[in-house]
Number of protein chains: 2
Amino acid sequence: MPRIDSAIACARAARRRFVAELAEFVGFASVSAQPARAPAVTRCAEWLAAHLREAGMEEVRVTPTAGHPIVTANWLHRPHAPTLLIYGHYDVQPADPEREWRSPPFSPEVRGGHLYGRGTSDDKGQMFAHVKALESWLRAADALPVNVRCLFEGEEETGSTHLGEFMRMYSHAVAADVAVVSDSWVLAADRPAIVESLRGALGVEVELRGAPRDLHAGNFGGAVYNPLKALSELLAGLHDRHGRIAVDGIYDRVREFTPQARAYMSRSGPTDAELLDAMRVSRGWGEEGYSLYERITIRPALILSGIDGGYTGPGAKAILPARAMARIDLRLVPDQDPYQVEHLLTAHIRRNVPQGMRVVTRTTMRAHPFVMSRDAPGVSAARAAYQGGYGIDPVFLRLGGTVPIAHMLTCRGVPLVMMGFALPDDAMHSLDERFSLAGYFRGIETSIHFMSMLATRCAGANADTRSDPLLEAAP
Amino acid sequence: MPRIDSAIACARAARRRFVAELAEFVGFASVSAQPARAPAVTRCAEWLAAHLREAGMEEVRVTPTAGHPIVTANWLHRPHAPTLLIYGHYDVQPADPEREWRSPPFSPEVRGGHLYGRGTSDDKGQMFAHVKALESWLRAADALPVNVRCLFEGEEETGSTHLGEFMRMYSHAVAADVAVVSDSWVLAADRPAIVESLRGALGVEVELRGAPRDLHAGNFGGAVYNPLKALSELLAGLHDRHGRIAVDGIYDRVREFTPQARAYMSRSGPTDAELLDAMRVSRGWGEEGYSLYERITIRPALILSGIDGGYTGPGAKAILPARAMARIDLRLVPDQDPYQVEHLLTAHIRRNVPQGMRVVTRTTMRAHPFVMSRDAPGVSAARAAYQGGYGIDPVFLRLGGTVPIAHMLTCRGVPLVMMGFALPDDAMHSLDERFSLAGYFRGIETSIHFMSMLATRCAGANADTRSDPLLEAAP
């Protein structure tokens with residue numbers, strides 16, 4: 001069994017290089033949502049594959065999909081050890097408006113102990129911590145303590161559109177005893193966290209169409225229903241006065257959590273004040289009867305994420321627009337089903353559009369919510385790994401975001417542990433996204449520990465790990 | 001006195017060239033609202049000035065303003081005849097989205113007897129009809145029947161921002177007995193019309209700001225008030241269920257028209273069916289108790305002309321936006337005052353924004369409504385001119401649009417006659433704007449007749465013109 005000390009020493013000695021390499025990785029504008037960036041996404045995948053080969057991983061492949069490619073790599077030389085699947089995504093959110101960043105989003109820059117750039121924390125930095133852990137093991141010991149499969153996709157930010165098909169075609173690529181995903185965060189540098197639930201998502205674009213072309217606002221204003229007015233009315237009607245979503249039936253399948261579960265959340269999770277601080281706002285809002293932490297994790301939310309209609313360019317253009325569109329982003333909780341909610345929402349929209357106006361809806365994303373059991377395989381190893389990397393026992397955290405892979409792996413029987421390394425104020429999806437270098441280094445060491453713990457615990461070395469079901473699952 | 005027959009003959013002989021010259025004029029992308037087009041606006045002004053010189057006009061000047069230049073030209077060789085001011089604007093509305101035009105907006109094309117291109121009818125084609133009438137007189141007779149001043153501005157589509165200041169500095173440029181503006185339309189080729197009222201306008205841009213930056217929709221959705229939601233609620237609340245504007249006090253100064261005036265409108269104006277047809281919609285909407293024609297002319301209207309917030313580019317971006325903005329275009333009727341309505345609207349907005357959200361409003365346009373008396377100078381000459389050009393007595397038409405010069409001239413005591421040559425379905429401000437060549441030719445001849453009638457009637461040649469107050473006004 002390779003020694004963890006030498007892997008840790010190797011990681012510490014290479015920190016400067018590890019930062020430079022992450023910056024190089026972030027330099028690719030791999031924005032999956034923007035067709036014009038497709039070449040950058042592909043170049044990023046190829047760079048990542050070359051990097052994995054150089055780190056010592058084997059069977060490295062860039063597999064094309066109908067969308068962006070998927071990068072896989074293996075190291076499978078321990079027939080008696082469990083197999084770990086490391087999932088991450090090398091695609092990033094759009095960085096618009098790019099000019100408002102303090103430093104350009106794809107020319108990463110270190111300032112005050114943070115690396116700034118689009119994707120530094122979501123998810124390039126966090127997934128790269130695992131890559132650097134693999135490299136540290138392989139350089140220090142020429143071997144890993146467990147078998148490892150890497151699966152890095154390029155479409156997470158657009159709903160992992162082609163990942164399901166890839167998994168069906170290459171099911172061996174996800175054949176593993178446990179999976180780790182680092183696409184979340186710790187509560188603070190001294191409050192590490194294992195994610196025990198995620199919200200699902202449903203993205204719906206709605207467009208209302210009135211006259212076949214824009215009309216002169218002066219000549220015709222007052223005589224025809226304006227699609228922009230109809231859209232405003234529709235959107236304004238999507239919540240009631242109590243902060244609840246006003247779509248019939250949408251709460252029917254929402255699970256009520258026990259007082260014990262809610263008490264744990266209140267004890268261990270972020271406070272209202274901490275969340276307000278993270279959002280940099282002075283007042284919260286939302287569903288009455290729930291804390292802010294509950295509102296963003298165990299309660300569904302309907303977010304208007306974009307709107308467009310008429311003319312908003314420089315100067316004024318006196319038109320009554322022919323159409324207007326909005327993007328609605330619903331976050332779902334157990335036991336909501338995105339297909340059922342889609343049906344409820346689109347039926348609601350159709351019922352609430354004025355006569356004579358045409359409505360077109362388009363679903364852009366569907367992802368199921370995810371819940372992890374605290375007894376699941378890998379959880380105790382993850383706890384021990386945080387003890388090693390952070391020196392602190394982690395809490396169980398619920399998150400409001402969506403990681404489509406989570407539900408997919410659950411369906412395939414691969415238990416998933418979500419270990420975050422970023423911080424809540426790293427501005428994921430926002431301007432000036434960043435990743436603290438300390439978090440990056442702690443992430444690398446935590447990953448090194450995690451692999452070691454998975455191996456040790458599967459060998460039955462430690463009494464307190466007997467409760468880990470991985471013991472039974474491993475060969 | 002030059003003979004009208006020779007001027008008409010001259011105009012008829014030059015029709016092909018007149019169309020080519022109008023196409024050249026339309027070819028300048030003189031979009032006043034778009035800063036990037038400023039050079040094209042200036043080039044257009046210079047081309048127009050050169051063209052006026054070539055047509056025989058004198059004292060042609062391009063006067064810079066703090067915005068776009070104003071082109072003036074004179075012909076003042078008849079000390080005993082009245083002076084006519086011809087106003088027009090050479091700037092045009094934005095043509096976005098340009099790719100949706102059947103032919104490019106600034107590469108005009110003749111199809112089916114129409115010239116297509118941005119500004120063909122609003123207002124380049126209509127003002128150019130007067131220019132060609134001047135040229136026809138000057139080529140045929142080397143003189144005009146009346147004194148003429150031309151005033152062609154480049155900021156009408158952005159609210160004539162610097163025209164007032166220009167008039168104060170160069171008051172002689174508008175020293176006239178009567179003014180003619182052709183920036184409207186006839187009801188049909190066989191239903192010419194003199195405009196007897198216009199609506200005023202108030203443009204207000206409203207921006208709501210929440211968190212200082214976009215937030216991740218999944219991570220924070222449900223815990224903070226979304227500016228896009230607040231904006232939708234604000235906009236949805238701007239009308240009541242009866243199609244009335246729901247801003248306190250906004251109807252206080254709205255003049256109620258007499259049953260006689262409304263009966264004339266019903267008899268002479270466009271029917272609901274005609275207006276629906278012009279808008280290409282199947283259903284009307286608006287303030288209960290008024291016909292569509294009344295709703296767009298003698299009743300105020302609040303039009304949402306643009307909205308923008310969050311991300312609406314390709315693909316999805318899961319954000320809860322930091323801000324959202326909308327453009328509100330109010331059309332005002334006698335005796336509403338844009339400054340007072342601005343106060344009412346902005347106060348209403350401030351009252352209806354959720355606590356903790358910042359609101360910024362910006363006024364982009366203020367124009368007073370305009371009403372012409374049927375006894376005003378020039379009106380009988382205009383009626384006779386339409387008889388000459390169209391062979392039909394015109395009706396008095398009310399329009400919903402706004403021509404800022406109208407109120408400015410009224411304030412300066414210059415009576416204004418608005419004679420349209422375009423057609424209601426010429427798609428002003430819309431895609432595929434056009435101007436019928438027959439309308440252009442009829443406009444040129446009507447203008448030739450108008451100048452002749454003004455001269456003749458001022459000479460007292462015709463008994464039925466004694467009622468024209470211009471007789472008293474002229475020297």
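Because the structure is a prediction, the values reported are computed rather than measured. Chain naming here is simple, since letters A, B, ... match the order of the sequence lines and numbering starts at 1 in each.
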If you tally heavy-atom pairs under 4.5 Å between each of B/S282, B/S305, B/A301 and chain A, the highest tally belongs to B/S305
Side-chain donor-acceptor contact under 3.5 Å, A/H68 with A/D91: no
One option among B/R331, B/R295, B/M357, B/R213 has the most heavy-atom pairs under 4.5 Å with chain A, and it is B/R213
Is B/A201 close to chain A through its backbone or its side chain, or both, or neither, when contacts mean heavy atoms under 4.5 Å? neither
Answer yes or no: is there a donor N or O on one side and an acceptor on the other, between the side chain of A/H242 and the main chain of A/E287, under 3.5 Å? no
Sort out for me which of B/G284, B/P424, B/P321 touches chain A most, counting heavy-atom pairs under 4.5 Å. B/P321
For B/M325, is it the side chain, the backbone, both or neither that has a heavy atom under 4.5 Å from a heavy atom of chain A? side chain
Sidechain-backbone polar pair: B/D272 side chain, B/L292 backbone, donor-acceptor under 3.5 Å: yes
Side chain / backbone / both / neither for B/A322 at chain A, heavy atoms under 4.5 Å: neither
Heavy-atom proximity to chain A below 4.5 Å, by part of B/D214: both
Which portion of A/T402 sits near chain B, non-hydrogen atoms under 4.5 angstrom: neither
Answer yes or no: is there a donor N or O on one side and an acceptor on the other, between the side chain of B/D240 and the main chain of B/G243, under 3.5 Å? yes
One should read off an interatomic distance between B/Y225 OH and A/R283 CZ, to the nearest 0.5 angstrom, of 11.0 Å
Measure the spacing between CE of A/M365 and CD of A/E157 and express it to the nearest 0.5 Å. 8.5 Å
At a 4.5 Å cut-off on heavy atoms, which part of B/L399 comes close to chain A: side chain, backbone, both, or neither? neither
Using non-hydrogen atoms and a 4.5 Å limit, figure out which bit of A/A427 sits close to chain B: side chain, backbone, both or neither. both
Can a donor-acceptor pair be found, under 3.5 Å and without considering hydrogens, that links the side chain of A/Q93 to the backbone of A/R118? no
Tell me, side chain or backbone of B/N219 under 4.5 Å from chain A's heavy atoms, or both, or neither? both
So what's closer than 4.5 Å to chain A heavy atoms on B/Q355: side chain, backbone, both or neither? both
By a 4.5 Å heavy-atom criterion (distance strictly below it), what part of B/R280 contacts chain A: side chain, backbone, both, or neither? both
Is there a donor-acceptor pair closer than 3.5 Å between any side-chain N or O of B/R327 and the backbone N or O of B/I307? no
State whether the side chain of B/R199 and the backbone N or O of B/R299 hold a donor-acceptor pair below 3.5 Å, judged by distance alone. yes
Less than 4.5 Å to any heavy atom of chain A: does that hold for the side chain of B/A278, its backbone, both, or neither? both
